[in-house]
Amino acid sequence: MSITIYHNPSCGTSRNTLAIIRQSGAEPRVVEYLKTPPSRDELRALLLAMGISARDLLRRKGTPYDELGLDDPKWTDDQLIGLMLEHPILINRPIVVTPLGTRLCRPSETVLDILPNADIGAFTKEDGEVIPAREKK
């Protein structure tokens, strides 16, 4: 079972998502995308797999989003992808790829929808919020 997480260790949501994956019994391939950004083709493939536009993947908080004027609708997806590659902090995180799909996992527990083993019991996030065990189907 192959799982990849595009991860920022400074982000609590990303750390929680990684912990949920590990609690499921999987050890994912961890890509610290700020150190090793995806290529243009990889980023396009991730967007296609998630079914979202480049604009939908932009992160505003703690990024040069406002300085670059990215609110302006003039920016095409291709231009936004170029800016994300130039400034990887603009890529929202974490992105998780599993055999069951690809998703931007915000909030972190959305990763459970694409984990092959989502039966992890209760999970406590770093901030103390408890994600209850999923009902067995």
Side-chain angles (χ1 to χ4, degrees):
M1 168 176 57
S2 176
I3 296 175
T4 299
I5 180 171
Y6 290 84
H7 178 61
N8 179 349
S10 298
C11 170
T13 301
S14 198
R15 289 191 305 270
N16 283 320
T17 303
L18 179 57
I20 289 169
I21 294 168
R22 287 179 170 153
Q23 190 164 317
S24 81
E27 184 53 45
R29 178 173 76 101
V30 177
V31 177
E32 288 191 33
Y33 71 93
L34 294 178
K35 292 179 182 176
T36 311
S39 69
R40 181 176 292 272
D41 287 343
E42 288 172 316
L43 190 52
R44 279 191 182 128
L46 289 168
L47 289 165
L48 184 63
M50 290 185 286
I52 64 173
S53 71
R55 184 167 298 283
D56 293 333
L57 188 60
L58 285 173
R59 179 169 177 81
R60 187 175 201 148
K61 183 180 172 189
T63 75
Y65 182 100
D66 290 324
E67 296 147 41
L68 294 170
L70 298 183
D71 261 347
D72 192 324
K74 74 176 183 178
W75 299 103
T76 66
D77 267 13
D78 198 51
Q79 290 171 317
L80 292 173
I81 288 169
L83 287 165
M84 283 188 259
L85 297 174
E86 188 178 335
H87 307 278
I89 194 69
L90 287 168
I91 301 171
N92 213 341
R93 75 275 180 162
I95 300 169
V96 178
V97 180
T98 79
L100 301 179
T102 302
R103 182 132 328 136
L104 174 62
C105 294
R106 300 190 72 82
S108 54
E109 59 269 20
T110 60
V111 73
L112 293 166
D113 296 335
I114 58 169
L115 284 180
N117 177 23
D119 185 18
I120 65 166
F123 178 81
T124 304
K125 292 183 179 185
E126 290 180 0
D127 66 3
E129 179 186 353
V130 176
I131 305 304
R134 289 195 157 190
E135 298 275 332
K136 295 201 190 275
K137 293 180 181 180

Do [X] and [Y] make a side-chain contact, defined as non-hydrogen atoms from C-beta onward lying under 4.5 Å apart?
X    : Y    : answer
I89  : P64  : yes
V111 : R103 : no
P94  : T13  : yes
K125 : E109 : yes
L57  : L46  : no
I5   : I3   : no
Y6   : I91  : no
L115 : I20  : yes

Looking at C105 and V96, what are the two nearest heavy atoms and their distance?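 The pair with the smallest heavy-atom distance is SG-CG2, 3.7 Å.
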
Quick one: does [X]'s side chain have a donor or acceptor within less than 3.5 Å of a partner on [Y]'s backbone?
X    : Y    : answer
T98  : I114 : yes
E42  : P37  : no
R15  : P9   : yes
N16  : E126 : yes
R106 : R93  : yes

Pick from L58, L80, I81: which one makes a side-chain contact (heavy atoms from CB on, under 4.5 Å) with W75?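 It is L80; the other options fail the test.
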
Take M50 and D56 through the test side-chain contact (heavy atoms from CB on, under 4.5 Å) and record every step on the way to the result. CA-CA 10 Å; M50 290 185 286; D56 293 333; over 6 Å; no

Below 4.0 angstrom, N of the basic side chain to O of the carboxylate: do D78 and R40 qualify?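 Salt bridge: yes.
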
